[in-house]
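Here is the structure we will look at.
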Amino acid sequence: MKFSVASRDLKDALLLVTPAMSSSTDLTGHYLFRKAKGDGRIEVLSAHGRLGAGCSFVADIQEEGVSFTVMGPAFRELVKLMADDVVLELVFDPETKKTKLYEVGGESDHSTFLSLNPEHFPYWDSVMGASKKVATVETARLIQALNCAKVFASQDENSSMCVTEVRDGILMATNKMAAAMITVPGMEESNLRVHVKDLPSVVNFLTNVGDEIHLLEHDRCFFFQRGDGAFFGASRFRAPFPKLGRPGDMEQEWWEFPRERAALALRKLRSNSPKEGIRLKVTRPLDGDPIKLQQSNHAGGLDIQNIHTTDVGRGDGFEDLPDGFEVGSTDFLNVLEAMESPTVRIGANVHRKIGYLRAVETRNADEQGEGGDEYLFMVAWMR
């Protein structure tokens, strides 16, 4: 096979498929090049474990031939050194299994790469062909939602909670003690389930695809696909995500306060707390008092930070709330850092003897307040 391609186009294609590649020297660390279905196009693929990606680009194909691979990290670094405005030529010799790369007009200067057997490459063609398009969403909104969900998904890969999953149009993630439930319009037909370890690679791909992305799903995997066909796929984690019910909209009691002030208070408490001191004692703001936060310190006692509220409200059942309770310090801080509003409203509730804090905010709404994404966060009280 022999073809030439604009350096800029090749760089853009490699950028999209690299998130599905390993740094190994085996096929998982190689790019695979093959003739694409469209006339005058070459496709580059990558695959590693649960992940796979592909992108086609315009090329001047002088000689058609078999597929071949090149070592990913070395090839990528070399292409980065090429000027954007030059034309590159790749020539693969099936007898020697070697590929030469050089700038058109400078054939005496070239680099050579050895191809591994492309027949052993884990192609995603058949499963992608059997997938169904279930959603089209704004890329930036999906990235924002996935990044937020990642914070609340369990990091324990032996747990069924080490994923984020879309259920009834809501993107959910939980580590059992804290949860995020994010509603992004357009995801109503999706059953997306992404492993927490794969989320950075997914976001890396989405960051470079433009304004809109299509979501295709299969029983065994899912694909994010750009309008021109470039895709990123991942195997679907098999363990079922736990049931996670959405709480009611009414709060037994709610508090408003400056978000950054509260987050700073938590950071101060955590800075002087032993690693095992994850419990944060929260005392409700009764009779005009501030919210009192207490956490264990290295001296064997409790450090204290007070959060002055800007407003407090009460609903039905507030009499059932205890004066104080404990939550995970990290979980509460994660909620405050995940939110964007300068002033936040936190609800305190008890349901069937289970207590929890809740916060809700809307993002990306239009000028009339319509079409926004709902971000709902919960933190369970510790027993």
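- One finds no salt bridge joining Glu361 and Arg259 here, because no Lys/Arg side-chain nitrogen approaches an Asp/Glu carboxylate oxygen to under 4.0 Å.
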Using residues 90-97 as the side-chain source, report each donor-acceptor pair under 3.5 Å to any protein atom, sequence neighbours left out, with the distance given to one decimal.
residue : atom : partner : partner atom : Å
Asp93   : OD1  : Glu95   : N            : 2.9
Thr96   : OG1  : Lys98   : N            : 3.4
Lys97   : NZ   : Pro94   : O            : 3.3

Exercise. Please assess Asn349 against Glu251 for the test side-chain hydrogen bond (donor to acceptor under 3.5 Å, both in side chains), listing each intermediate value before the final yes or no.
Key: CA-CA 6 Å; Asn349 303 274; Glu251 313 285 9; 2.6 Å; yes

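- Judged by distance alone, the side chain of Arg220 and the main-chain N or O of Arg238 form no donor-acceptor pair under 3.5 Å.
- Taking CZ from Arg193 and CD from Glu217, the interatomic distance works out to 10.5 Å, rounded to the nearest 0.5 Å.
- Side-chain contact between Phe231 and Arg226 is absent, with no heavy atoms from C-beta onward closer than 4.5 Å.
- The existence of a salt bridge linking Asp85 and Arg8 is excluded, since no basic side-chain nitrogen approaches an acidic carboxylate oxygen closer than 4.0 Å.
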Quiz item: Please walk me through it: do Phe223 and Trp124 pass ring-ring contact (aromatic ring centres under 6.0 Å, His included)?
Solution: CA-CA 10 Å; Phe223 296 92; Trp124 290 63; 5.7 Å; yes

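- Heavy atoms from other residues, nucleotides or ligands lying under 6.0 Å from CD of Glu119 number 12 at most.
- Of the charged side-chain nitrogens involved, none lies within less than 4.0 Å of a carboxylate oxygen, so that Glu43 and Lys35 do not count as a salt-bridged pair.
- Defined by atom type and a distance below 3.5 Å, a donor-acceptor pair is present between the side-chain atoms of Asp331 and Asn175.
- Using a 3.5 Å distance cut-off with no hydrogens or angles, the side chains of Gln295 and Ser329 do pair a donor with an acceptor.
- Looking only at distances, no side-chain donor or acceptor of Asp9 sits under 3.5 Å from a matching main-chain atom of Val5.
- Looking at Arg236 and Asp219, no side-chain N of the basic residue comes within less than 4.0 Å of a carboxylate O on the acidic one, giving no salt bridge.
- Here Gln305 contributes atom CD and Leu264 contributes atom CG; the two are 7.5 Å apart, rounded to the nearest 0.5 Å.
- Under 3.5 Å, the side chains of Ser4 and Gln62 contain a donor-acceptor pair of N or O atoms.
- Linking ILVMFWY residues whenever their side-chain heavy atoms come closer than 4.5 Å, directly or via other members, places Ile291 and Met339 in the same cluster.
- Other residues, nucleotides and ligands contribute at most 12 non-hydrogen atoms within 6.0 Å of the CG atom of Asp316.
- The ring of Phe33 has its center closer than 6.0 angstrom to the ring center of Phe75.
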Practice problem: Run the numbers on Phe68 and Phe113 for ring-ring contact (aromatic ring centres under 6.0 Å, His included), then give the verdict. | Solution: CA-CA 10 Å; Phe68 63 92; Phe113 298 87; 9.9 Å; no

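- Side chain to side chain, His48 and Thr28 fail the donor-acceptor criterion of an N or O pair below 3.5 Å.
- With 3.5 Å as the limit, one finds no donor-acceptor pair spanning the side chains of Gln144 and Glu138.
- The CH2 atom of Trp254 sits 15.0 Å away from the CG atom of Leu357 when rounded to the nearest 0.5 Å.
- Ile143 contributes atom CD1, which lies 14.0 Å from atom SG of Cys148 (distance to the nearest 0.5 angstrom).
- Judged purely by atom type and a 3.5 angstrom limit, Thr112 has no side-chain atom pairing as donor or acceptor with the backbone of Lys100.
- To the nearest 0.5 Å, the span separating CG on Leu215 from CD on Gln225 amounts to 10.5 Å.
- Residues Val163 and Leu199 do not share a hydrophobic cluster, defined by chaining ILVMFWY side chains whose heavy atoms lie under 4.5 Å apart.
- Checked by atom type and distance alone, the side chain of Ser24 never pairs as donor or acceptor with a backbone atom of Gly29 at under 3.5 Å.
- With salt bridges taken as basic N to acidic carboxylate O contacts below 4.0 Å, none links Lys292 and Asp323.
- A donor-acceptor pair is defined here as one N or O able to donate and one able to accept, closer than 3.5 Å; such a pair exists between the side chain of Ser273 and the backbone of Ser296.
- Looking at Arg363 and Asp373, no side-chain N of the basic residue comes within less than 4.0 Å of a carboxylate O on the acidic one, giving no salt bridge.
- Residues Val79 and Met1 share a hydrophobic cluster, clusters being chains of Ile/Leu/Val/Met/Phe/Trp/Tyr side chains in contact below 4.5 Å.
- No hydrogens or angles considered: nothing links the side chains of Asn297 and Asn272 as a donor-acceptor pair under 3.5 Å.
- Considering CD1 of Ile213 and CZ of Arg141, their distance stands at 15.5 Å, rounded to 0.5 Å.
- The closest donor-acceptor contact from the side chain of Arg41 to the backbone of Ser56 lies under 3.5 Å.
- Tyr375 and Leu171 fall within the same hydrophobic cluster, defined by Ile, Leu, Val, Met, Phe, Trp and Tyr side-chain heavy atoms under 4.5 Å apart, directly or through other members.
- Counting heavy atoms of neighbouring residues, nucleotides and ligands inside a 6.0 Å radius, atom NZ of Lys281 does not exceed 12 of them.
- Salt-bridge annotation for Arg246 and Glu374: present, with a side-chain N of the basic residue lying under 4.0 Å from a carboxylate O of the acidic one.
- With Ser115 contributing its side chain and Thr69 its backbone, the two residues share a donor-acceptor pair below 3.5 Å.
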